[in-house]
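Have a look at the structure below before the remarks.
Labels below follow one simple rule: chain letters A, B, ... track the order of the sequence lines, proteins then strands, and each chain is numbered from 1. Just the heavy atoms: all of them, side chains too, but no hydrogens, waters or symmetry mates, feed the values below.
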Number of protein chains: 2
Amino acid sequence: MIVPDGGPLYLRVKDVIVKRIVDEVWRPGGLLPSEQKLAAELGVSPGTVRKALNELTAENLLYRQQGKGTFVASHTPQRSLFHFFKMTAADGKRQPATSRLLACARRRANREEAGRLDLPAQSRVVEIERIRELGGSPQILERILVPAKLFPNLGKSSDGELPNELYVFYEERYGITIYRANENLRAIAATAEQAKLLGLKAGAPLLEIDRTAITLDGRPVEWRVSLCDTRNCHYVSELI
Amino acid sequence: MIVPDGGPLYLRVKDVIVKRIVDEVWRPGGLLPSEQKLAAELGVSPGTVRKALNELTAENLLYRQQGKGTFVASHTPQRSLFHFFKMTAADGKRQPATSRLLACARRRANREEAGRLDLPAQSRVVEIERIRELGGSPQILERILVPAKLFPNLGKSSDGELPNELYVFYEERYGITIYRANENLRAIAATAEQAKLLGLKAGAPLLEIDRTAITLDGRPVEWRVSLCDTRNCHYVSELI
DNA sequence: GAGTGGTCTAGACCACGCT
DNA sequence: GCGTGGTCTAGACCACTCT
């Protein structure tokens with residue numbers, strides 16, 4: 001048996017599959033071998049492989065299509081939008097979001113930033129600042145921080161254009177796929193500078209979304225703080 | 001075969017089980033028949049029953065204990081706390097929350113309120129106002145609205161005491177189990193009155209959590225608006 | 001020891017996508 | 001027509017709980 005020892009067999013099969021995705025044996029969007037072939041290769045029964053594949057599908061790591069096969073999940077604009085963007089307009093309509101770049105530069109991380117990204121002190125990072133507009137008016141002020149090492153040319157050449165959906169871009173351009181994110185939400189008062197950028201008065205209430213995004217192997221690769229004017233939109237959370 | 005027609009068998013088995021919970025054939029905390037007995041009774045194979053039970057377990061409707069059996073999920077203080085209370089202290093510690101009742105009275109619903117609770121216009125409702133404290137200082141101002149019809153004596157006699165975990169109370173006292181909730185989050189500025197109750201200045205930013213809680217059969221039974229002082233705590237959301 | 005859920009196996013048949 | 005995943009079945013064995 002090729003799978004490592006210890007614990008239930010289907011969990012070990014899961015680990016093998018995850019490891020192959022991490023090692024880029026199978027890349028996002030790519031097709032996995034069929035259940036039967038995987039079962040034969042790993043020396044387990046098809047039912048065990050099926051259980052592993054189904055759990056990974058439930059965790060949004062894979063997706064399956066009857067008649068076609070099993071694929072590694074990847075960021076399409078749709079998936080990115082629905083999974084990682086929880087702001088919705090007050091009227092429920094999903095308006096096309098556009099973004100305006102304010103800054104994009106490389107610099108050294110301070111202590112807190114290095115800690116958040118699990119980097120050595122003083123590591124180089126790329127800082128992106130932008131404003132996202134929903135329905136024409138500025139609504140979200142974002143500061144994004146990523147390790148420079150993982151994003152080689154980002155912020156060096158003056159890339160005037162960055163796509164609105166960054167996770168699609170991370171994946172296609174740098175081979176970095178975001179699988180999970182933790183968000184902490186607060187209400188804060190806008191500083192004079194923030195207020196000006198969003199067309200508000202200083203002290204106006206803003207929804208602060210503090211997000212750490214992590215890859216499949218659990219490394220944090222993005223720290224993002226979004227400040228939202230929630231007069232015309234809100235953050236949606238479903239508790240089950 | 002006892003299960004109704006149409007669609008995959010295991011989904012029909014799920015529907016049968018859900019219906020029995022709704023009809024209180026099996027009550028929260030109660031023990032279901034074993035897989036084998038259920039399979040025999042419904043005339044399907046044990047594997048099919050198992051698949052249905054596992055999906056319902058994943059949806060937090062049931063829980064299973066090896067060697068003991070399968071039970072209908074119920075609100076314990078723990079479960080209520082972990083599933084439906086997403087505020088965490090800034091230092092990550094979960095402090096015991098206490099609450100102070102401001103008001104609890106029956107009255108007629110206005111248009112918006114009736115709409116939110118899916119009630120006829122002018123229906124009687126119970127309104128609860130309270131302040132929740134985390135670590136000694138007031139942090140959350142809550143207004144809770146429930147249909148008077150479903151909560152017979154609530155708010156009539158002056159119940160000076162209401163437990164901190166209302167969902168446990170709803171279930172034990174009125175047989176109403178909350179299974180899901182939708183929350184919409186915003187940042188707002190505190191009114192003078194709100195600020196006074198929370199020990200803040202007027203205009204201070206507050207996190208507004210607008211929640212609709214629904215039962216297993218999909219009926220909304222509680223509308224709750226929580227206003228949180230998020231200087232020392234935050235709302236946690238995990239995106240997967 | 002009896003009963004429960006958890007795991008693992010094996011195979012049949014169906015629905016779907018492609019060629 | 002072929003290969004894929006989706007469903008359904010049947011049974012063996014293990015781990016756990018309780019008496």
- Query: Relative to the 5' end of DNA chain C, which residue comes earlier, Y10(A) or P33(B), by the nucleotide with the nearest heavy atom?
  - Reply: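 Closer to the 5' end of DNA chain C: P33(B).
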
- Query: So which one's nearest nucleotide on DNA chain C is more toward 5', L31(B) or S45(A)?
  - Reply: L31(B)

For [X] and [N], what is the distance between atoms [atom1] and [atom2] respectively, to the nearest whole Å?
| X | N | atom1 | atom2 | value |
| --- | --- | --- | --- | --- |
| Q36(A) | dC13(C) | CD | C1' | 14 Å |
| Q66(A) | dC14(C) | CD | C1' | 8 Å |
| R64(A) | dC16(C) | CZ | P | 16 Å |
| L9(A) | dC8(C) | CG | C1' | 7 Å |
| Y63(B) | dG6(C) | OH | P | 13 Å |
| L38(A) | dT4(D) | CG | C1' | 13 Å |
| E35(A) | dC13(C) | CD | P | 18 Å |
| L11(A) | dC8(C) | CG | C1' | 13 Å |

- With Y167(A) via ring-ring contact (aromatic ring centres under 6.0 Å, His included) - residues at least two apart: H75(A), F84(A), Y170(A)

- Kindly say whether G7(B) contributes a backbone atom to a donor-acceptor pair with the side chain of R12(B) at under 3.5 angstrom?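 Side chain of R12(B) to backbone of G7(B): a pair is present.
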
Side chains of [X] and [Y]: does their closest heavy-atom pair fall under 4.5 Å?
| X | Y | answer |
| --- | --- | --- |
| F151(B) | E222(B) | no |
| C104(A) | V126(A) | yes |
| E55(A) | K14(A) | yes |
| L53(A) | L32(A) | yes |
| I21(B) | L62(B) | yes |

- Any N or O donor-acceptor pair linking the side chain of R50(A) to the base of dG6(D) at under 3.5 Å?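 Counting by modelled atom types and ignoring angles, a donor-acceptor contact under 3.5 Å is found here.
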
Any side-chain N or O of [X] below 4.0 angstrom from OP1/OP2 of [N]?
| X | N | answer |
| --- | --- | --- |
| T48(B) | dT9(D) | yes |
| S34(A) | dG3(D) | no |
| K68(B) | dC18(D) | yes |

- Message: Please classify the nucleic acid contact of Q65(A) as base, sugar-phosphate, or nothing, using heavy-atom distances under 4.0 Å.
- Response: sugar-phosphate

- Item | Steps toward side chain to side chain donor-acceptor pair (under 3.5 Å) verdict (R64(B), N54(B)) | CA-CA 9 Å; R64(B) 318 189 74 180; N54(B) 279 339; 2.9 Å; yes

- Bend angle of the helix from dG1(C)-dC18(D) to dC18(C)-dG1(D) from five-pair axes at both ends, rounded to 10°?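 Axis angle across the helix from dG1(C)-dC18(D) to dC18(C)-dG1(D), nearest 10°: 10°.
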
- Message: So if I take every side-chain heavy atom of T70(B) and compare against dT9(D), dG17(C), dG5(C), which nucleotide ends up nearest?
- Response: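 So the side chain of T70(B) is nearest to dG5(C).
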
- Query: Of all the choices, dT7(D), dG5(C), dT9(D), which nucleotide is nearest to the side chain of P8(B) once you look at every atom?
  - Reply: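 Of dT7(D), dG5(C), dT9(D), dT7(D) is nearest to the side chain of P8(B).
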
- Here the residues of residues 51-61 of chain B within 4.0 Å heavy-atom distance, strictly under, of DNA chain C are none

- Task: Could you grab the distance from atom CD1 of I209(B) to atom CG of L227(B), nearest 0.5 Å is fine?
- Result: 9.0 Å

- Query: Under 3.5 Å, is there a donor-acceptor pair linking the side chains of Y235(B) and E183(B)?
  - Reply: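 A donor-acceptor contact under 3.5 Å links the two side chains.
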
